[in-house]
2 protein chains.
Amino acid sequence: MAETQPDAVKLDGAGPVYDQIRRAIRDLVVSGAWPPGTGVPPEHALMEQLGASRMTVHRALVQLAREGLIVRRRRSGTIVASPPASHAMLDILSIPEEVEQLGQAYSYDVLARGDGRPAAEVAERFGLRRSDKVAHLLVLHRADGKPHVLEERVIHVAAVPGVAGEDFAKTPPGDWLLQHSLWSQAEHAISAVGAQAEEAGLLAIAVGEPCLLVERRTWNQDRPVTAVRLLYPGPRHRFVGRFGPYGQI
Amino acid sequence: MAETQPDAVKLDGAGPVYDQIRRAIRDLVVSGAWPPGTGVPPEHALMEQLGASRMTVHRALVQLAREGLIVRRRRSGTIVASPPASHAMLDILSIPEEVEQLGQAYSYDVLARGDGRPAAEVAERFGLRRSDKVAHLLVLHRADGKPHVLEERVIHVAAVPGVAGEDFAKTPPGDWLLQHSLWSQAEHAISAVGAQAEEAGLLAIAVGEPCLLVERRTWNQDRPVTAVRLLYPGPRHRFVGRFGPYGQI
DNA sequence: GAGTGGTCTAGACCACTTC
DNA sequence: AAGTGGTCTAGACCACTCG
């Protein structure tokens, strides 16, 4: 059931009323003030509180529901949605889920970890400043015991303070971050590279074998949260998406 | 300026009125009955014609505008939009544009062409039936004279009859198809592969060198239109996309 | 100036779901 | 039965922009 919501919706007077309402509630959601499960006030409550007609309030809420920030159900009301675990073509946030959906048994090992200011070569690879304090991890994910993907990740300690006390023994870093950090923006790059010697050894493939490299960086309100390089071995990995001429289906 | 529109909007009585209106107009657009530039009747005309209130008509049109199918301007009215040339992360529809945006000079050669029923190996590679009549093309695209991407494509003659009389001397097949075919759905797959001997020769790279393989198939109302395999050599090609936790930005 | 879309209101009825 | 959102109406005023 929904918790009640603590903060009040405040309009800023800029632009159409329905958009003021939409932005005000969106900000409460993405800032974390209204975490997932929080109850959004019913339409007539917002109507009275904001002095707007029900259609105007409704319009704002419909749009937020379409954007996926809230979930609306008759009688039981409107609550803040849980961010979807996965949504777009290239968005593999949970590797355990990905492996299990392939019907294979998932396991992983943290192969290396370092905390502190990054080495020059690491800073270069992830686009970091040398002054950023990060946790630096190398993780091998396995499907049915065989190497599935090699993950190299940095996590910004300033954005995720809890990372210092976490050893990732029970949950791999990607999944752990989903529960212990907020993000508002991400950037993906995908490319084909040949496996380097060390990578090839860990992935049990030949040096130079083609791999799909997915690089993802995420931010929360323009502050970097994490950056990851996922190296998928060989030609057996494909990323698939469907869409129409006017956008994703 | 907008042409007037020939066909009338017809509702089907299924579901909410605003959605009936939306679907009716969407169908006229995607079927090609209202080509880009066609004038959509003004709100009050649709109101009278359909017996709905203006808010209801407006709601349908707003949604279509948000989906990008129509463009609305005050005073001058609403017209059917031109499909965007490019829209999603992996959607490189025009290779000439892609090359020119990199600031390089574009050129291309049609290396081979065959028309008729596909060889077994081609049918396999593109997921065709042996009975499908297709044009089969091999095209090398160059940037500043150097191989940029190798394109192997099949075009379904049933969906694009004009392909039989076109030699692609002036326009590469991808761009030509944008002007001579309609599509409603597409599927992408992206993977990393090693270059085969023939491909390596054409792309001037070593055999086995990692390449990014983009495979795209498009349909119009469930009828296949074209399928293409784009082989980008080496690690220098990247596909980049940005988005937020609730969808693409 | 006039035609178009953009926004907003006040109220109504309905559908669904939980209590 | 009652509370919630879903839809719809009839009308209003405003903003923009073309002729």
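By convention in this document, chain letters (A, B, ...) are assigned in the order of the sequence lines, proteins followed by strands, and residues within each chain are numbered from 1.
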Salt-bridge present ([X], [Y]; N to O < 4.0 Å):
X	Y	answer
A:E67	A:R22	yes
B:R54	B:E48	no
B:R59	B:D19	no

Considering only [options], which nucleotide approaches the side chain of [X] most closely?
X	options	value
A:P42	D:dC8, D:dG5, C:dT7	D:dG5
B:A52	D:dT9, D:dC8, D:dG5	D:dT9
A:R74	C:dG6, C:dA15, C:dT18	C:dA15
A:M55	C:dA10, D:dG11, C:dT18	C:dA10

Any donor-acceptor pair under 3.5 Å from A:E166 side chain to A:F168 backbone: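 Looks like yes, one N/O pair under 3.5 Å.
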Taking B:T218 for its side chain and B:V225 for its backbone only, find out whether a donor-acceptor pair lies under 3.5 Å.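 The answer is no, because no donor-acceptor pair under 3.5 Å joins these two groups.
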When the distance from [atom1] of [X] to [atom2] of [N] is rounded to whole Å, what number comes out?
X	N	atom1	atom2	answer
B:R73	D:dG19	CZ	P	10 Å
B:Q63	D:dC8	CD	P	13 Å
B:H44	D:dA12	NE2	P	16 Å
B:I21	D:dT7	CD1	C1'	12 Å
B:E43	D:dA15	CD	C1'	14 Å
B:R22	D:dG6	CZ	P	16 Å
A:I79	D:dG5	CD1	P	12 Å
B:M47	D:dC8	CE	P	14 Å

Look at [X] and [N] and indicate whether a side-chain polar atom (N or O) is within less than 4.0 Å of OP1 or OP2.
X	N	answer
A:S53	C:dG11	no
A:R59	C:dT7	yes
A:Y18	C:dC8	no
A:T78	D:dT4	no
A:R72	D:dG5	yes

Hey, does the side-chain of B:R54 have a donor or acceptor N/O within less than 3.5 Å of a partner on the base of C:dG6?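 Flag set: donor-acceptor pair detected.
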Checking only heavy atoms, does the side chain of A:R75 share a donor-acceptor pair with the base of D:dA2 at less than 3.5 Å?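 It does, because a donor-acceptor pair links the side chain of A:R75 to the base of D:dA2 below 3.5 Å.
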Of A:G51 and B:H58, whose nearest nucleotide on DNA chain C comes first from the 5' end?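 Closer to the 5' end of DNA chain C: B:H58.
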